[in-house]
Amino acid sequence: MLTDFLLTHCLPMYFTADTLVFQDGQFTSAEQAQCSLYAPSLHYGHAVFEGIRAYQTANGPRIFKVKEHYERLQYSCRAIHMPLNYSVEELTDITYQLLEKNNLSNAYIRPLVYAPEPMMSIKAPTTSSLFMAAWEWGNYFSNQLTRLTISPYQRPNPKSVPIEAKVSSHYANSIIASHEAKQRGYDEALLLDINGYVAEGPGANFFYEWDGALYTAPAGNILQGITRNTIIELARSMGVPVFEEFFTPETLHHANGAFLTGTAAEVVGVASIDDHVFGTPYEETIGAKLAAAYSALVREEVGARRTRPVAERPA
Ligand code: PMP
(Lines give C-alpha, C1' and ligand atoms only; values in the text may rest on other atoms or scores of the structure.)
Protein backbone atom coordinates (compact mmCIF):
# COMPACT_ATOMS: atom_id res chain seq x y z
CA MET A 1 0.00 0.00 0.00
CA LEU A 2 1.02 3.60 -0.37
CA THR A 3 1.09 3.75 3.38
CA ASP A 4 3.77 1.04 3.30
CA PHE A 5 5.75 3.15 0.88
CA LEU A 6 5.67 5.96 3.43
CA LEU A 7 6.29 3.74 6.42
CA THR A 8 9.57 2.55 4.98
CA HIS A 9 10.65 6.20 4.81
CA CYS A 10 9.00 7.68 7.93
CA LEU A 11 8.64 4.78 10.40
CA PRO A 12 6.01 6.41 12.63
CA MET A 13 5.96 5.79 16.34
CA TYR A 14 2.36 4.75 16.91
CA PHE A 15 2.39 5.34 20.65
CA THR A 16 4.56 5.95 23.67
CA ALA A 17 3.92 5.53 27.39
CA ASP A 18 2.20 8.96 27.37
CA THR A 19 -0.14 8.41 24.40
CA LEU A 20 -3.88 8.57 24.94
CA VAL A 21 -6.39 6.82 22.70
CA PHE A 22 -10.17 6.95 22.67
CA GLN A 23 -11.95 3.70 23.41
CA ASP A 24 -15.56 3.12 24.38
CA GLY A 25 -16.47 6.62 25.45
CA GLN A 26 -13.27 7.64 27.22
CA PHE A 27 -9.67 8.58 26.72
CA THR A 28 -7.34 5.93 28.02
CA SER A 29 -3.65 5.07 27.88
CA ALA A 30 -2.63 3.44 24.58
CA GLU A 31 -0.66 0.89 26.56
CA GLN A 32 -3.73 -0.12 28.56
CA ALA A 33 -6.34 -0.20 25.76
CA GLN A 34 -7.46 -3.78 25.17
CA CYS A 35 -9.57 -5.90 22.85
CA SER A 36 -10.76 -9.48 23.35
CA LEU A 37 -9.08 -12.19 21.28
CA TYR A 38 -12.62 -13.61 20.89
CA ALA A 39 -13.90 -10.41 19.21
CA PRO A 40 -15.50 -11.44 15.89
CA SER A 41 -13.98 -8.45 14.06
CA LEU A 42 -10.55 -9.98 14.58
CA HIS A 43 -11.61 -13.37 13.21
CA TYR A 44 -13.80 -12.29 10.30
CA GLY A 45 -12.54 -8.80 9.42
CA HIS A 46 -16.03 -7.46 10.11
CA ALA A 47 -15.01 -3.94 11.12
CA VAL A 48 -14.75 -0.55 9.45
CA PHE A 49 -12.15 2.17 9.70
CA GLU A 50 -11.02 5.51 8.34
CA GLY A 51 -7.66 7.05 7.51
CA ILE A 52 -7.72 10.80 8.18
CA ARG A 53 -5.07 13.50 8.31
CA ALA A 54 -4.68 16.64 10.34
CA TYR A 55 -2.36 19.43 9.25
CA GLN A 56 -0.77 22.30 11.08
CA THR A 57 -2.10 25.47 9.44
CA ALA A 58 -1.83 29.17 10.20
CA ASN A 59 -5.20 28.75 11.98
CA GLY A 60 -4.01 25.85 14.14
CA PRO A 61 -4.42 22.10 13.56
CA ARG A 62 -7.07 21.36 10.92
CA ILE A 63 -8.50 17.95 10.05
CA PHE A 64 -8.86 17.82 6.28
CA LYS A 65 -12.38 16.94 5.07
CA VAL A 66 -13.35 15.60 8.49
CA LYS A 67 -17.08 15.65 7.64
CA GLU A 68 -16.53 13.58 4.49
CA HIS A 69 -14.42 11.02 6.37
CA TYR A 70 -16.99 10.58 9.14
CA GLU A 71 -19.89 10.43 6.71
CA ARG A 72 -18.01 7.65 4.95
CA LEU A 73 -17.44 5.90 8.29
CA GLN A 74 -21.17 6.05 8.97
CA TYR A 75 -21.91 4.76 5.46
CA SER A 76 -19.38 1.92 5.91
CA CYS A 77 -21.06 0.90 9.19
CA ARG A 78 -24.51 0.87 7.58
CA ALA A 79 -23.17 -1.12 4.63
CA ILE A 80 -21.92 -3.99 6.84
CA HIS A 81 -24.66 -3.78 9.51
CA MET A 82 -22.32 -2.53 12.21
CA PRO A 83 -24.00 -0.26 14.78
CA LEU A 84 -22.40 3.14 15.35
CA ASN A 85 -23.66 5.41 18.10
CA TYR A 86 -21.78 8.58 17.24
CA SER A 87 -22.80 11.53 15.07
CA VAL A 88 -20.39 13.23 12.67
CA GLU A 89 -20.23 16.16 15.10
CA GLU A 90 -19.39 13.89 18.06
CA LEU A 91 -16.73 12.05 16.07
CA THR A 92 -15.21 15.35 14.98
CA ASP A 93 -15.18 16.65 18.53
CA ILE A 94 -13.51 13.46 19.85
CA THR A 95 -10.88 13.70 17.12
CA TYR A 96 -9.93 17.30 17.92
CA GLN A 97 -9.77 16.35 21.63
CA LEU A 98 -7.55 13.39 20.77
CA LEU A 99 -5.16 15.66 18.86
CA GLU A 100 -5.07 18.18 21.68
CA LYS A 101 -4.54 15.59 24.43
CA ASN A 102 -1.63 14.12 22.50
CA ASN A 103 -0.24 17.50 21.47
CA LEU A 104 -0.47 16.56 17.79
CA SER A 105 -1.04 18.85 14.82
CA ASN A 106 0.43 17.04 11.79
CA ALA A 107 -1.12 13.66 12.39
CA TYR A 108 -2.62 10.53 10.92
CA ILE A 109 -5.90 9.60 12.62
CA ARG A 110 -7.26 6.07 12.68
CA PRO A 111 -10.84 5.47 13.90
CA LEU A 112 -11.90 1.82 13.98
CA VAL A 113 -15.41 0.53 14.66
CA TYR A 114 -15.39 -3.12 15.68
CA ALA A 115 -17.53 -5.78 17.33
CA PRO A 116 -16.07 -6.27 20.82
CA GLU A 117 -18.27 -8.97 22.36
CA PRO A 118 -16.91 -12.54 22.25
CA MET A 119 -18.92 -14.29 19.54
CA MET A 120 -17.77 -16.97 17.12
CA SER A 121 -20.80 -17.03 14.84
CA ILE A 122 -21.32 -15.15 11.60
CA LYS A 123 -23.96 -12.76 12.90
CA ALA A 124 -24.04 -8.98 12.65
CA PRO A 125 -23.22 -7.57 16.10
CA THR A 126 -25.76 -5.67 18.19
CA THR A 127 -23.09 -3.51 19.84
CA SER A 128 -19.89 -1.93 18.62
CA SER A 129 -16.83 -0.25 20.04
CA LEU A 130 -15.13 2.86 18.73
CA PHE A 131 -11.35 2.97 18.98
CA MET A 132 -9.48 6.04 17.82
CA ALA A 133 -5.74 6.63 17.75
CA ALA A 134 -3.55 9.33 16.22
CA TRP A 135 0.16 9.59 15.62
CA GLU A 136 2.62 12.09 14.25
CA TRP A 137 2.62 12.25 10.45
CA GLY A 138 5.09 14.85 9.33
CA ASN A 139 5.14 16.86 6.14
CA TYR A 140 6.42 14.16 3.91
CA PHE A 141 7.31 15.17 0.39
CA SER A 142 8.99 13.06 -2.18
CA ASN A 143 9.68 13.39 -5.84
CA GLN A 144 10.32 9.67 -5.85
CA LEU A 145 8.06 8.03 -8.39
CA THR A 146 6.47 4.64 -7.89
CA ARG A 147 6.71 1.66 -10.25
CA LEU A 148 3.41 -0.18 -10.63
CA THR A 149 2.55 -3.58 -12.00
CA ILE A 150 -0.83 -4.88 -13.10
CA SER A 151 -1.86 -7.30 -10.37
CA PRO A 152 -3.08 -10.83 -11.06
CA TYR A 153 -5.56 -10.14 -8.23
CA GLN A 154 -8.78 -8.25 -8.94
CA ARG A 155 -10.49 -5.83 -6.57
CA PRO A 156 -13.31 -7.57 -4.68
CA ASN A 157 -16.50 -8.10 -6.65
CA PRO A 158 -18.97 -5.33 -5.70
CA LYS A 159 -21.73 -7.93 -5.87
CA SER A 160 -19.96 -9.84 -3.07
CA VAL A 161 -19.06 -6.97 -0.75
CA PRO A 162 -19.87 -3.26 -0.48
CA ILE A 163 -16.68 -2.11 -2.21
CA GLU A 164 -17.36 1.60 -1.60
CA ALA A 165 -17.23 0.99 2.16
CA LYS A 166 -13.91 1.00 4.00
CA VAL A 167 -14.20 -2.47 5.50
CA SER A 168 -11.28 -4.15 7.26
CA SER A 169 -11.74 -7.47 5.44
CA HIS A 170 -11.26 -5.78 2.03
CA TYR A 171 -7.67 -5.12 3.04
CA ALA A 172 -6.76 -8.80 2.88
CA ASN A 173 -7.11 -8.32 -0.90
CA SER A 174 -4.93 -5.19 -0.67
CA ILE A 175 -2.19 -6.87 1.37
CA ILE A 176 -2.10 -9.95 -0.89
CA ALA A 177 -1.91 -7.89 -4.09
CA SER A 178 0.67 -5.47 -2.70
CA HIS A 179 2.89 -8.27 -1.43
CA GLU A 180 2.68 -10.12 -4.73
CA ALA A 181 3.75 -6.97 -6.63
CA LYS A 182 6.72 -6.44 -4.31
CA GLN A 183 7.76 -10.08 -4.66
CA ARG A 184 8.06 -9.41 -8.40
CA GLY A 185 10.26 -6.36 -7.75
CA TYR A 186 7.70 -3.56 -8.20
CA ASP A 187 6.76 -0.87 -5.68
CA GLU A 188 3.02 -1.36 -5.81
CA ALA A 189 0.15 -3.21 -7.46
CA LEU A 190 -2.49 -1.77 -9.78
CA LEU A 191 -5.63 -3.88 -9.58
CA LEU A 192 -8.24 -4.45 -12.24
CA ASP A 193 -11.96 -4.81 -11.61
CA ILE A 194 -14.01 -7.94 -12.26
CA ASN A 195 -14.43 -6.93 -15.93
CA GLY A 196 -10.72 -6.37 -16.59
CA TYR A 197 -10.79 -2.56 -16.42
CA VAL A 198 -8.25 -0.67 -14.31
CA ALA A 199 -9.72 -0.05 -10.85
CA GLU A 200 -7.26 1.26 -8.24
CA GLY A 201 -4.22 0.55 -6.12
CA PRO A 202 -4.42 -1.51 -2.91
CA GLY A 203 -4.73 1.68 -0.86
CA ALA A 204 -5.07 4.52 -3.36
CA ASN A 205 -7.01 5.67 -6.40
CA PHE A 206 -5.39 5.85 -9.82
CA PHE A 207 -5.43 8.57 -12.49
CA TYR A 208 -3.73 8.71 -15.86
CA GLU A 209 -3.32 11.71 -18.11
CA TRP A 210 -3.47 11.98 -21.84
CA ASP A 211 -3.54 15.01 -24.11
CA GLY A 212 -4.20 17.49 -21.32
CA ALA A 213 -7.03 15.54 -19.67
CA LEU A 214 -7.29 13.19 -16.69
CA TYR A 215 -8.97 9.80 -16.62
CA THR A 216 -9.93 7.71 -13.59
CA ALA A 217 -12.13 4.70 -12.92
CA PRO A 218 -15.78 5.56 -12.22
CA ALA A 219 -17.61 4.67 -9.01
CA GLY A 220 -18.79 1.09 -8.73
CA ASN A 221 -15.64 -1.00 -8.43
CA ILE A 222 -13.47 1.28 -6.29
CA LEU A 223 -13.31 3.03 -2.96
CA GLN A 224 -14.29 6.55 -3.94
CA GLY A 225 -11.39 8.29 -2.28
CA ILE A 226 -11.83 11.65 -0.62
CA THR A 227 -8.47 12.65 -2.11
CA ARG A 228 -9.70 11.46 -5.52
CA ASN A 229 -12.76 13.69 -5.26
CA THR A 230 -10.64 16.64 -4.11
CA ILE A 231 -8.22 16.13 -7.00
CA ILE A 232 -11.10 16.02 -9.49
CA GLU A 233 -12.43 19.33 -8.11
CA LEU A 234 -8.95 20.91 -8.14
CA ALA A 235 -8.26 19.73 -11.71
CA ARG A 236 -11.57 21.09 -12.99
CA SER A 237 -10.97 24.40 -11.21
CA MET A 238 -7.64 24.57 -13.09
CA GLY A 239 -9.46 23.97 -16.38
CA VAL A 240 -8.28 20.36 -16.75
CA PRO A 241 -11.04 18.05 -18.06
CA VAL A 242 -11.54 14.92 -15.92
CA PHE A 243 -13.28 11.81 -17.24
CA GLU A 244 -14.55 9.09 -14.91
CA GLU A 245 -14.73 6.14 -17.24
CA PHE A 246 -13.66 2.52 -17.68
CA PHE A 247 -10.31 1.86 -19.39
CA THR A 248 -8.16 -1.19 -20.01
CA PRO A 249 -4.50 -1.58 -18.97
CA GLU A 250 -3.53 -1.35 -22.68
CA THR A 251 -4.87 2.23 -22.78
CA LEU A 252 -2.12 3.20 -20.37
CA HIS A 253 0.55 2.61 -23.05
CA HIS A 254 -0.61 5.84 -24.71
CA ALA A 255 -0.75 7.85 -21.47
CA ASN A 256 1.56 10.81 -20.80
CA GLY A 257 1.69 10.13 -17.08
CA ALA A 258 -0.16 8.75 -14.09
CA PHE A 259 -0.47 9.21 -10.34
CA LEU A 260 -2.04 7.67 -7.24
CA THR A 261 -4.10 9.56 -4.66
CA GLY A 262 -4.87 8.83 -1.03
CA THR A 263 -5.11 10.57 2.32
CA ALA A 264 -1.82 9.20 3.69
CA ALA A 265 0.46 9.88 0.73
CA GLU A 266 -1.55 12.68 -0.95
CA VAL A 267 -0.46 12.50 -4.64
CA VAL A 268 2.30 10.12 -5.77
CA GLY A 269 3.63 10.14 -9.33
CA VAL A 270 3.90 6.89 -11.25
CA ALA A 271 7.15 6.18 -13.13
CA SER A 272 6.06 3.07 -14.97
CA ILE A 273 3.49 0.33 -15.26
CA ASP A 274 5.11 -3.04 -15.89
CA ASP A 275 7.50 -2.45 -18.84
CA HIS A 276 5.90 0.81 -19.90
CA VAL A 277 7.84 3.87 -18.72
CA PHE A 278 6.04 7.21 -19.07
CA GLY A 279 7.86 9.53 -21.48
CA THR A 280 6.91 12.93 -20.06
CA PRO A 281 9.07 14.03 -17.09
CA TYR A 282 6.83 13.93 -14.01
CA GLU A 283 7.58 17.59 -13.19
CA GLU A 284 5.88 18.54 -16.45
CA THR A 285 2.72 16.52 -15.83
CA ILE A 286 -0.68 17.64 -14.61
CA GLY A 287 -0.17 15.24 -11.69
CA ALA A 288 2.82 17.25 -10.42
CA LYS A 289 0.83 20.51 -10.58
CA LEU A 290 -2.07 18.88 -8.77
CA ALA A 291 0.26 17.47 -6.11
CA ALA A 292 1.45 21.01 -5.35
CA ALA A 293 -2.10 22.40 -5.40
CA TYR A 294 -3.35 19.61 -3.11
CA SER A 295 -0.47 20.15 -0.68
CA ALA A 296 -1.27 23.87 -0.51
CA LEU A 297 -4.99 23.22 -0.05
CA VAL A 298 -4.69 20.78 2.85
CA ARG A 299 -2.18 23.04 4.62
CA GLU A 300 -4.36 26.08 3.91
CA GLU A 301 -1.49 27.69 2.03
CA VAL A 302 -3.52 28.33 -1.11
CA GLY A 303 -1.95 31.13 -3.08
CA ALA A 304 1.45 30.75 -1.43
CA ARG A 305 2.14 27.19 -2.56
CA ARG A 306 -0.06 26.61 -5.54
CA THR A 307 2.35 28.13 -8.00
CA ARG A 308 5.49 26.74 -6.35
CA PRO A 309 7.26 24.18 -8.57
CA VAL A 310 7.35 20.62 -7.27
CA ALA A 311 11.12 20.47 -7.54
CA GLU A 312 11.46 23.17 -4.89
CA ARG A 313 9.53 21.26 -2.25
CA PRO A 314 11.63 20.02 0.62
CA ALA A 315 12.70 16.40 0.19
N1 PMP B 1 -8.69 3.07 -2.50
C2 PMP B 1 -8.40 2.28 -1.46
C3 PMP B 1 -8.56 0.81 -1.63
C4 PMP B 1 -7.95 2.83 -0.24
O5 PMP B 1 -7.66 2.04 0.79
C6 PMP B 1 -7.79 4.22 -0.14
C7 PMP B 1 -7.29 4.83 1.15
N8 PMP B 1 -8.35 5.10 2.02
C9 PMP B 1 -8.11 5.01 -1.25
C10 PMP B 1 -8.55 4.42 -2.42
C11 PMP B 1 -7.98 6.51 -1.18
O12 PMP B 1 -9.00 7.00 -0.35
P13 PMP B 1 -8.86 8.39 0.40
O14 PMP B 1 -8.46 9.37 -0.62
O15 PMP B 1 -10.21 8.66 0.95
O16 PMP B 1 -7.82 8.21 1.46
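Read the numbers this way: they start at 1 and go in the same order the structure lists the ligands and their atoms. This is a predicted model, so every value here is computed, not measured. Along the sequence shown, residues carry numbers from 1.
Counting heavy atoms from C-beta on, the side chains of H69 and I226 come closer than 4.5 Å. The shortest distance between side-chain heavy atoms of L192 and P249 falls below 4.5 Å. Residues D24 and F131 form no side-chain contact, since every pair of their non-hydrogen atoms from C-beta on lies 4.5 Å or further apart.
Residue contacts with ligand 1 for A204 involve N, CA, C or O but no side-chain atom from C-beta outward (heavy atoms, distance under 4.0 Å). Of the heavy atoms in R155, only side-chain atoms (C-beta onward) come closer than 4.0 Å to ligand 1. With a 4.0 Å heavy-atom cut-off, ligand 1 is reached by no atom of I222.
A donor and an acceptor atom, one from each side chain of E233 and N229, are nowhere located under 3.5 Å apart.
Grouping the Ile, Leu, Val, Met, Phe, Trp and Tyr side chains by contacts below 4.5 angstrom, directly or via other members, places W137 apart from I63.
Listed by number with element, the atoms of ligand 1 under 4.0 angstrom from any heavy atom of P202 are 3 (C), 5 (O). Close contacts between ligand 1 and T263 involve ligand atoms 13 (P), 14 (O), 15 (O), 16 (O) [criterion: under 4.0 Å to a heavy atom]. Near I226, the atoms of ligand 1 lying under 4.0 angstrom from a non-hydrogen atom of the residue are 13 (P), 14 (O), 15 (O). Each of the following atoms of ligand 1 lies closer than 4.0 Å to a heavy atom of T261: 11 (C).
Any N or O atom pair closer than 3.5 Å counts here, and R72 shares at least one such pair with ligand 1. Inclusion of Q224 in the set of residues having an N or O under 3.5 Å from an N or O of ligand 1 is not warranted. Residue S174 places no N or O, backbone or side chain, under 3.5 Å from any N or O of ligand 1.
The nearest non-hydrogen atom to atom 8 (N) of ligand 1, considering only E50, K166, H170, comes from K166.
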Side-chain polar contacts of residues 199-209 - donor-acceptor pairs under 3.5 angstrom, sequence neighbours left out - could you list them?
residue: E200; atom: OE1; partner: N205; partner atom: ND2; Å: 3.4
residue: E200; atom: OE1; partner: L223; partner atom: N; Å: 3.4
residue: E200; atom: OE2; partner: R155; partner atom: NE; Å: 2.9
residue: E200; atom: OE2; partner: R155; partner atom: NH2; Å: 3.4
residue: E200; atom: OE2; partner: L223; partner atom: N; Å: 3.2
residue: N205; atom: OD1; partner: G225; partner atom: N; Å: 3.1
residue: N205; atom: ND2; partner: L223; partner atom: O; Å: 2.9
residue: E209; atom: OE1; partner: I286; partner atom: N; Å: 3.4
residue: E209; atom: OE1; partner: G287; partner atom: N; Å: 3.0
residue: E209; atom: OE2; partner: I286; partner atom: N; Å: 2.7

Below 3.5 Å, can you tabulate the donor-acceptor pairs from side chains in residues 270-279 to any protein atom, sequence neighbours excluded?
residue: D274; atom: OD1; partner: T149; partner atom: OG1; Å: 2.4
residue: D274; atom: OD2; partner: I150; partner atom: N; Å: 3.2
residue: H276; atom: NE2; partner: H253; partner atom: O; Å: 3.4

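Y108 and W135 have tilted rings, their planes meeting at an angle from 30° to 60° on a 0 to 90° scale.
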